[in-house]
Every structure is written in structure tokens, then in C-alpha cells.
Amino acid sequence: SVGIVEMIDNKATGNTLHLIVNPERDSHPAALAVHRMTPEFLAQFPPLGPAQAQQIRDFIGDAPIVITCRTTERDGKAFTLDEAFITNELQNAGVTPPPASQWVNVRRWSESLYGQDGARLDAVLDRYGIDRNKRDELGHGALLDAELLAAAYPRLQREYAAHAASKTSAVPPVRKP
């Protein structure tokens with residue numbers, strides 16, 4: 001499932017893109033527990049093809065792609081599942097993926113502000129008083145998670161910018177003799 005929320009000036013515009021595609025393979029049991037999309041449900045959707053891939057790319061355009069995803073290291077490089085997945089799927093469909101510079105992973109911001117446990121999307125939503133009952137009831141969905149992240153993003157951005165500025169301002173200036 002791909003879910004994207006358009007934001008202009010840090011506000012969701014109401015314009016969204018939601019596609020459900022058949023991955024043509026079984027979901028890992030842990031992933032199935034999160035998204036709750038059974039093989040039977042997914043069988044009714046087509047696999048991601050060139051037209052859908054282009055639709056995703058056109059929707060994104062040159063806008064920042066804001067995600068919250070744990071980053072790990074693979075082969076000596078930072079690896080973020082969401083970015084790697086979309087990049088791979090678009091390339092497989094013959095569509096040029098967004099450059100790495102277009103991705104903004106706010107999970108790193110959350111970790112800097114609140115630590116590893118406090119960086120989970122649920123924890124950030126709770127901290128900001130954003131209702132996540134629908135997520136708890138229905139499970140994680142790409143569009144729902146994107147909408148919730150869009151609601152948290154402006155405040156998270158402000159708090160991270162203030163945090164980064166306070167760390168910078170705490171460094172004394174270098175004095176020349």
C-alpha cells in the first residue's frame with residue numbers, strides 16, 4: 001500500500017494518493033500483523049505497474065518526501081526501508097525514483113528529541129495529543145499513517161529546529177588570538 005499526503009506550507013491540502021498493489025508474494029507474518037492485508041485481500045489488486053509507478057512519481061514531483069522510518073546500516077550505508085522500497089519499486093517499473101536528497105526522515109529528528117522509544121510514530125502522536133484511535137482499531141495503513149504524520153510534522157519540525165539551534169548556540173565561538 002502506498003499512501004501520500006500533499007502538504008503546502010506545512011499544511012495538508014486534502015489532496016492524497018492511495019494505491020493498494022498486489023506484491024505477488026506472501027507478507028512476512030510480522031508485517032501482516034501490522035498492516036492486516038491478507039493475501040486474499042491483496043489478490044484483488046494488480047501488481048505495481050508502470051502506470052501506477054508514474055502516478056506515484058508525478059504526485060510526488062519535486063516536493064520533499066517526509067517519512068518516519070527507522071534507519072539501519074547495510075553494506076556500510078544508511079538504509080531506510082521506506083526509501084529503499086519505493087526506489088526499488090519505481091526502478092523496477094521503469095520510472096526514475098526521487099533522488100536521496102528529496103527524502104526527509106523525521107524519525108531521526110524524533111530520536112534526537114525523544115530517544116529511541118519516544119521516536120515511534122505512536123509515541124510522537126501521543127506526545128502531541130493527536131488522536132490515533134483509528135490506527136489502533138484498523139492497524140497501520142499507508143494513507144492513515146501519512147495523514148497522522150502530516151498532522152505531527154509541523155510541530156516536530158519546529159521542535160527539532162529549536163533543538164538543533166539550541167545545540168548550535170551552546171557552542172562557544174572560536175576566538176582568534
Side-chain angles (χ1 to χ4, degrees), residues 1-7 12-111 116-117 119-125 130-153:
S1 178
V2 175
I4 308 171
V5 173
E6 178 186 59
M7 294 182 72
T13 65
N15 191 18
T16 63
L17 176 67
H18 187 221
L19 300 174
I20 299 174
V21 296
N22 184 345
E24 297 184 303
R25 64 183 181 278
D26 287 339
S27 289
H28 186 279
L32 181 60
V34 169
H35 62 61
R36 302 179 189 171
M37 288 191 245
T38 64
E40 296 78 21
F41 172 76
L42 292 169
Q44 63 187 312
F45 298 96
L48 184 72
Q52 290 169 310
Q54 191 61 55
Q55 184 181 9
I56 292 168
R57 189 64 185 97
D58 290 345
F59 191 90
I60 293 170
D62 62 357
I65 306 163
V66 179
I67 61 170
T68 182
C69 188
R70 189 172 290 130
T71 300
T72 58
E73 194 163 307
R74 272 199 189 162
D75 301 324
K77 296 180 184 176
F79 174 84
T80 304
L81 180 62
D82 292 0
E83 181 179 351
F85 175 77
I86 291 294
T87 296
N88 185 60
E89 293 298 317
L90 293 180
Q91 285 175 330
N92 288 344
V95 174
T96 302
S101 60
Q102 203 168 333
W103 294 84
V104 179
N105 187 355
V106 299
R107 172 74 186 227
R108 295 175 190 151
W109 299 357
S110 301
E111 289 172 352
Q116 191 78 0
D117 289 337
R120 293 176 301 105
L121 182 57
D122 284 345
V124 171
L125 296 172
I130 297 170
D131 183 4
R132 64 179 176 96
N133 287 329
K134 195 172 177 183
R135 187 174 199 242
D136 292 340
E137 293 168 16
L138 303 176
H140 298 230
L143 183 58
L144 177 58
D145 285 1
E147 290 169 336
L148 292 169
L149 180 56
Y153 177 71

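The figures that follow rest on heavy atoms only: side chains count, while hydrogens, waters and symmetry mates do not. Given the structure is predicted, the values throughout are model-derived calculations rather than measurements.
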Report task. Decide yes or no on side chain to side chain contact (heavy atoms under 4.5 Å, CB included) for V2 and F59, but give the supporting numbers first. Result -> CA-CA 12 Å; V2 175; F59 191 90; over 6 Å; no
So does [Y] get a backbone contact from the side chain of [X], meaning a donor-acceptor N/O pair under 3.5 Å?
X    : Y   : answer
Q52  : G49 : yes
Q44  : F41 : yes
R57  : T96 : yes
Q102 : A63 : yes

Can you confirm whether [X] is buried at [atom1], in the sense that more than 12 heavy atoms of other residues, nucleotides or ligands lie under 6.0 Å from that atom?
X   : atom1 : result
R70 : CZ    : no
N88 : CG    : yes
D62 : CG    : no

Nearest-0.5 Å distance, [atom1] of residue [X] to [atom2] of residue [Y]:
X    : Y    : atom1 : atom2 : answer
D26  : L32  : CG    : CG    : 9.0 Å
I130 : D122 : CD1   : CG    : 11.5 Å
L149 : E147 : CG    : CD    : 11.0 Å
I86  : I60  : CD1   : CD1   : 6.5 Å
I4   : I67  : CD1   : CD1   : 12.0 Å
L19  : Q55  : CG    : CD    : 5.0 Å

Requested in this report: Answer whether the closest heavy-atom distance between the side chains of I56 and L48 falls below 4.5 Å.
Outcome: yes
Query raised in the report: Is any side-chain heavy atom of L121 less than 4.5 Å from a side-chain heavy atom of L125?
Result: yes
Query raised in the report: What do the steps show when you test L143 against V5 for side chain to side chain contact (heavy atoms under 4.5 Å, CB included), and what is the final call?
Result: CA-CA 7 Å; L143 183 58; V5 173; 4.1 Å; yes
Of all the heavy-atom pairs spanning [X] and [Y], show the shortest one and how long it is.
X    : Y    : value
T68  : A119 : OG1-O, 4.4 Å
L148 : R135 : CD1-CD, 3.7 Å
V104 : P64  : CG2-CB, 4.1 Å
Y153 : V66  : CD1-CG1, 3.6 Å
P98  : W103 : O-NE1, 3.9 Å
L81  : C69  : N-SG, 3.8 Å

**Report entry** From CA spacing to verdict: side-chain hydrogen bond (donor to acceptor under 3.5 Å, both in side chains), T71, R107
**Finding:** CA-CA 8 Å; T71 300; R107 172 74 186 227; over 6 Å; no
Report task. Starting from the C-alpha separation in whole Å, work towards a yes-or-no answer on side chain to side chain contact (heavy atoms under 4.5 Å, CB included) for V21 and F45. Result -> CA-CA 5 Å; V21 296; F45 298 96; 5.6 Å; no
Query raised in the report: Does the side chain to side chain contact (heavy atoms under 4.5 Å, CB included) test come out yes or no for S1 and H35, once each step is laid out?
Result: CA-CA 9 Å; S1 178; H35 62 61; over 6 Å; no
